[in-house]
S.K.: 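Below: one structure in structure tokens.
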Amino acid sequence: MTVLAEDWQCRARQLAQGLIAAGKLWSAPWQEALCAVPRHELVPDVLRRDPDGSWHRLDTTTPQGQQDWLEQVYSNKALLTAAADCPGPQSLRSSSSMPGLMTRMLEALDVHDGHRVLEIGTGTGYNTALLTHRLGDANVFSVEIEPDLLELARQRLARLGYHPTLVAGDGAAGLAEHAPFDRIIATCAVPALPWTWVQQTSPGGVILTDLKTARGAGSLVRLTRYPDRAEGRFDSTYAAFMDLRHHPAAHTPQHPRPRRQPNSHPEQRTTTLDPRTPWNCLVVWFLASFTLGPDIAVGYGRPDQNGNPTVTCLTVGDGSWAEVTLTHDQGNHHVREGGPRRVWRIIEDAHALWITLGAPGWGRFGLTVTTDHQRVWLDTPTSTHTWPLALPGPLTPDIPRVGPVTGGSTSPTPLRPGQLA
Ligand SMILES: C[S@@+](CC[C@H](N)C(=O)[O-])C[C@H]1O[C@@H](n2cnc3c(N)ncnc32)[C@H](O)[C@@H]1O
């Protein structure tokens, strides 16, 4: 298909202007890169998911279809670009992240001419192209777990005249043969920081990644490399990337979906905490995840006669579970809990702690990573409020099916079902 240069260039400029106005893009070199890189050349195929869970490709064979595709490509949207032929959220293999999130991350990366940057998660190569445009072929390195996606990105980047070093493999190992790097940027989420990334970052260098202790629990964190550790704060705005996978084509959960402990006799009580709270305020969910553990299945169930769910259901790795009614009687929601631990009590405690701490947003949290421990802290690394990360943390497979996400939160962009950056 032919796209006129003046057409995509005009769209790219409009996208850049929108991001500047939204405060997601500010420096001249990244503005220039955004206007110069033809995103459509790197994202020729955009996928949509049908209600039955199957995928279809956006039709670009008609003039209208081509306009729709270009509209998507030059808008501030994450585009789903590769999927495995299996049902469920795990079938998503790759996406091109929201341009506004990428520019926010690139700005936060604070690169300077001559910096060597390692990217984890090449995907379509769009972000790789922005980096290469800014820093040159010799300074950009990118690792992708899926060899076929990497090959496509390599061909498309080469057609645009970009020749960064592209490697197929598990980015968790970094890229020792080309280390050290001044910057490492990961466009997938890790449950804990791979120590290899710290080792491969120059002193004073920066690592920027999404850290998720459980599905939706965590956000972008920017760490500086010190001689003995990496340390830094979470970004104040929420972001969510797809999980880092350790094997290509690993589209089934690394850990089985938690199952309710059989024959666990439920206890019943009421709660004044709205079951939507953890999704409306993901910091609460983050705090709860340190106790609940990484394997958490969240969904909605017990549909009424119109098919609308009436309860939130949570199940965690040890088989403990809770169901909380979405409706309430004078502020009291009904709770049923079973298994060895009281899941909803843990979330209530996390919420109470969050209130006691002054309802902190993401920007008040930080992370310290050393060879033998990783811990999240509040306000300062020496704070008495710290939470150790499980090493290595398994990845969680489940996401809410229906998103009761409304209202304010410390997270400007609350998690929606299946939402990825
Ligand atoms: C959000 S997408 C990438 C977005 C990409 N930066 C772009 O602009 O298109 C995340 C990518 O990380 C890749 N990925 C997942 N686990 C990985 C790993 N262990 N090492 C390298 N890449 C990985 C996925 O296959 C996927 O392509």
Side-chain angles (χ1 to χ4, degrees), residues 15 30 33-34 37-47 72-73 76-84 89-106 109 117-134 140-154 156-157 160 162 164-176 183-194 196-197 200 208-210 212 220 239-254 392-395 397 418-421:
L15 174 61
W30 288 126
L34 211 80
V37 173
R39 192 180 187 212
H40 67 278
E41 295 284 0
L42 296 155
V43 192
D45 296 317
V46 173
L47 302 181
Q72 300 274 323
V73 167
N76 187 24
K77 286 188 179 147
L79 304 173
L80 308 181
T81 52
Q90 295 298 320
S91 63
L92 181 63
R93 295 171 69 209
S94 192
S95 60
S96 178
S97 312
M98 285 170 77
L101 174 56
M102 288 326 310
T103 54
R104 247 176 70 202
M105 289 178 74
L106 293 170
L109 211 55
V117 178
L118 171 63
E119 177 191 42
I120 313 293
T122 317
T124 63
Y126 176 59
N127 190 48
T128 323
L130 294 172
L131 283 164
T132 311
H133 188 86
R134 169 77 181 80
V140 179
F141 304 80
S142 188
V143 185
E144 167 60 51
I145 191 86
E146 305 283 347
D148 59 329
L149 299 186
L150 187 87
E151 196 42 45
L152 279 176
R154 186 195 306 283
R156 291 168 184 160
L157 285 164
L160 298 174
Y162 299 125
T165 300
L166 301 177
V167 176
D170 184 355
L175 207 52
R183 302 286 185 262
I184 294 183
I185 176 172
T187 58
C188 39
V190 288
L193 201 85
T196 45
W197 294 1
Q200 294 175 23
L208 185 60
T209 187
D210 183 13
K212 292 274 186 292
L220 287 181
F241 281 90
M242 63 196 310
D243 289 337
L244 179 136
R245 306 184 296 277
H246 291 294
H247 301 285
H251 308 301
T252 49
Q254 294 207 357
L395 307 175
Q419 177 186 343
L420 288 168

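If you're wondering where the values come from, they're calculated on a predicted model, not measured in any experiment. First listed ligand is number 1; within each ligand, the first listed atom is number 1. Residue numbers count from 1 along this sequence.
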S.K.: Just heavy atoms, cut-off under 4.0 Å: does Glu119 contact ligand 1 by side chain, backbone, both, or neither?
M.R.: side chain

S.K.: Using a strict 4.0 Å cut-off to heavy atoms of Met242, name the atoms of ligand 1 that fall inside it.
M.R.: 1 (C), 2 (S), 10 (C), 26 (C)

S.K.: Mind checking whether Thr122 has a heavy atom under 4.0 Å from ligand 1?
M.R.: yes

S.K.: Under a 4.5 Å cut-off applied to non-hydrogen side-chain atoms, are Glu144 and Leu166 in contact?
M.R.: no

S.K.: Test of understanding: with side chain to side chain contact (heavy atoms under 4.5 Å, CB included), list the residues that count as partners of Asp148, not counting sequence neighbours.
M.R.: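 Asp148 satisfies side chain to side chain contact (heavy atoms under 4.5 Å, CB included) with Arg93, Glu146 only.
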
S.K.: Which is it for Met102 and ligand 1 at heavy atoms under 4.0 Å: side chain, backbone, both or neither?
M.R.: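 Met102 to ligand 1: no contact under 4.0 Å from either part.
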
S.K.: For the side chain of Thr124 and the backbone of Ser95, is there at least one donor-acceptor N/O pair under 3.5 Å apart?
M.R.: no

S.K.: From atom 17 (C) of ligand 1, work out which of Leu80, Ile120, Ile145, Thr124 has a heavy atom at the shortest distance.
M.R.: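 Shortest heavy-atom distance from atom 17 (C) of ligand 1: Ile145.
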
S.K.: Closer than 4.0 angstrom: is that true for some heavy atom of Ala78 and an atom of ligand 1?
M.R.: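 Contact check Ala78 vs ligand 1: negative.
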
S.K.: Just jot down the ligand 1 atoms closer than 4.0 angstrom to any heavy atom of Val143, in number order.
M.R.: 21 (C), 22 (N)

S.K.: Only heavy atoms of Arg93, strictly under 4.0 Å: list the atoms of ligand 1 that pass.
M.R.: 24 (C), 25 (O), 26 (C), 27 (O)

S.K.: Taking Thr122 for the side chain and Leu149 for the main chain, is one N or O donor matched with an acceptor at less than 3.5 Å?
M.R.: no

S.K.: Verify side-chain contact (heavy atoms from CB on, under 4.5 Å) between Phe241 and Leu101, making sure each step is shown before the conclusion.
M.R.: CA-CA 10 Å; Phe241 281 90; Leu101 174 56; 3.4 Å; yes

S.K.: Quick check against the 3.5 Å criterion: does Trp197 have a side-chain atom that pairs as donor or acceptor with the backbone of Gly171?
M.R.: yes

S.K.: Within a distance under 4.0 Å of any heavy atom of Gly169, pick out the atoms of ligand 1 and give their elements.
M.R.: 20 (N), 21 (C)

S.K.: Looking only at heavy atoms, which two atoms of Gly123 and Ser94 are closest? And how far apart?
M.R.: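 Looks like CA-OG, 3.5 Å.
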
S.K.: I'd like to check which ligand 1 atoms, numbered from 1 as shown, lie under 4.0 Å from a non-hydrogen atom of Leu244.
M.R.: 16 (N), 18 (C), 19 (N)

S.K.: With heavy atoms of Ser97 as the reference, note each atom of ligand 1 found under 4.0 Å away.
M.R.: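 Selected atoms, number and element: 1 (C), 4 (C).
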
S.K.: For atom 6 (N) of ligand 1, which of the options Gly123, Ala129, Gly121 provides the nearest non-hydrogen atom?
M.R.: Gly121

S.K.: Hey, are the side chains of Asn127 and Leu106 touching, using non-hydrogen atoms and a 4.5 Å cut-off?
M.R.: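 Contact flag for Asn127/Leu106 side chains = yes.
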
S.K.: Is Glu144 close enough to touch ligand 1? Criterion: a residue heavy atom under 4.0 Å from a ligand atom.
M.R.: yes

S.K.: Determine whether Arg154 and Leu150 satisfy the following criterion, side-chain contact (heavy atoms from CB on, under 4.5 Å), listing intermediate values before the conclusion.
M.R.: CA-CA 6 Å; Arg154 186 195 306 283; Leu150 187 87; 3.6 Å; yes

S.K.: Would you mind listing which atoms of ligand 1 come within a distance below 4.0 Å of any non-hydrogen atom of Asn127?
M.R.: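 Heavy-atom distances to Asn127 below 4.0 Å select 6 (N), 8 (O).
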
S.K.: Give the contacting part of Glu146 toward ligand 1: side chain, backbone, both or neither, where contact means a heavy-atom distance below 4.0 Å.
M.R.: side chain

S.K.: Output all residues satisfying ring-ring contact (aromatic ring centres under 6.0 Å, His included) with Tyr126, sequence neighbours left out; order by chain, then residue number.
M.R.: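 Counting only residues at least two positions away or on another chain, Tyr126 forms no ring-ring contact (aromatic ring centres under 6.0 Å, His included).
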
S.K.: Regarding atom 10 (C) of ligand 1: of the candidates Thr187, Leu130, Leu101, which has the closest heavy atom?
M.R.: Thr187

S.K.: I want to confirm something. Looking only at heavy atoms, which of His246, Arg245, Arg39 is nearest to atom 16 (N) of ligand 1?
M.R.: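 The nearest heavy atom belongs to Arg245.
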
S.K.: So, the side chain of Glu119 versus the backbone of Gly125: is there a donor-acceptor pair under 3.5 Å, distance only?
M.R.: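 No, the answer is negative, given that no donor and acceptor are paired below the 3.5 Å cut-off.
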
